[in-house]
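Report on the structure given below.
Remember, predicted model here, so these are calculated numbers, not experimental data. Throughout, a chain's letter reflects where its sequence line sits, starting with A, and its residues are numbered from 1.
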There are 2 protein chains.
Amino acid sequence: MPVELTASQALGLWHAVSLEQVRHDGRDLSLRQLAILLEVYLVPPPHTVRGLAERLGVTKPVITRALDTMGEQGLVDRSRDERDRRNVLVKRTVDGALYLEKLGDLIIGRGRALTS
Amino acid sequence: MPVELTASQALGLWHAVSLEQVRHDGRDLSLRQLAILLEVYLVPPPHTVRGLAERLGVTKPVITRALDTMGEQGLVDRSRDERDRRNVLVKRTVDGALYLEKLGDLIIGRGRALTS
DNA sequence: CGATGTCGTTACGCTAGCGTATCGTTGCAC
DNA sequence: GTGCAACGATACGCTAGCGTAACGACATCG
């Protein structure tokens, strides 16, 4: 089942998902935060602050701040790398996995609704 | 060509697009701002502050502030409704259309790349 | 050892955005 | 006209996030 989108369908999908997310997500994650979250959960570990900063093309304090916020919300976890104690490893959480699972369901649902 | 996504593909698409957007968009629109922009461009006019607020489930000052910012960036325009001068009509701009066109292309491109 | 470099974090001043409450303007019904 | 409702914008105090520059902790290499 190929992912073939017209320009109109692509924007329509983004529209529907964004709208639903704004309406029903109290968290209101920024695009940067969401990108970090997806990176951590979809790309094999390890994930470091430095690595994430390079990947997103932002500075390190941006990552630290985002991890502060998302850590308080239980979406990610941080722990020292015992092999090199300068590093901090960003780890997944149950709540984070649940959050992205719901987002995935939302995208699929809205994508299906586009063709009906 | 149906829009059929697996859960993994859906999140992968969101991941790729978010990443690209964070890396190459100096604007860094919030999810709310993007939702407003898509609403204005994909739903037939007229668009009022009140209407957008109800549609997104947020308060009116949220919309006013978002329109301030996006107005400065040339993504949307505001003008008084001459038929009922209490209303403000949110209008599209060339720059805004261009911005969403590029976003659409990005989504399509990343969607296609998912299946290759 | 000490010197140097690399981590992630923090400090600083600043801007943007938030919610609540209120404001001035405009429409409308009486 | 006068009262009242609806519209969008503004004021207020506050939080979150920003970029730049520094910091302490740790590793590495001579």
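- At whole-Å resolution of the value, CG in B:D81 and C1' in D:dA6 are 13 Å apart.
- Summarising the geometry, the separation between CG on B:D84 and C1' on D:dA6 is reported as 9 Å, rounded to the nearest angstrom.
- Across the protein-nucleic acid pair, A:N87 atom CG and C:dG5 atom C1' stand 13 Å apart, rounded to whole Å.
- Taking atom CG on B:D68 and atom C1' on C:dT15, their separation rounds to 14 Å, with Å as the unit.
- Within the 4.0 Å cut-off from OP1 or OP2 of D:dA25, not a single side-chain nitrogen or oxygen of A:R85 is found.
- The side chain of A:R86 contributes no N or O atom lying less than 4.0 Å from OP1 or OP2 of D:dG24.
- In this entry the distance linking NZ of B:K60 with P of C:dT25 reads 16 Å, nearest Å.
- Scanning all heavy atoms of the two residues, the minimum distance from A:H15 to B:L42 falls at CB-CD1, 3.6 Å.
- C:dA16 atom P lies 15 Å from atom CE of B:M70, rounded to whole Å.
- In this structure a side-chain-to-backbone donor-acceptor pair under 3.5 Å is missing from B:R32 to B:A66.
- Remark on DNA chain D: of its neighbouring residues B:G51 and A:R80, the 5'-side contact belongs to B:G51, judged by nearest-heavy-atom nucleotide.
- Proximity of a side-chain donor or acceptor of A:R110 to a complementary backbone N or O of A:L13 within less than 3.5 Å is not detected.
- Between the P atom of D:dA9 and the CG atom of B:L67 lies a distance of 7 Å, rounded to the nearest Å.
- Under a 3.5 Å cut-off, the side chain of A:H47 and the backbone N or O of A:V90 do not form any donor-acceptor pair.
- Classification of B:D25 and B:K102 as a salt-bridged pair fails, no side-chain N sitting under 4.0 Å from a carboxylate O.
- Checking the phosphate oxygens (OP1, OP2) of D:dA9, a side-chain nitrogen or oxygen of B:T64 falls inside 4.0 Å.
- A:L52 places its CG atom 13 Å from the P atom of C:dC7, with the value rounded to the nearest Å.
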Give each protein N/O atom lying under 3.5 Å from an N/O atom of nucleotides 17-20 of chain D, with the pair distance.
residue	atom	partner	partner atom	Å
D:dG17	OP1	A:Q33	NE2	2.8
D:dG17	OP2	A:T69	OG1	2.6
D:dC18	OP1	A:R32	NH1	2.4
D:dG19	N7	A:R65	NH2	3.4
D:dG19	O6	A:R65	NH1	3.3

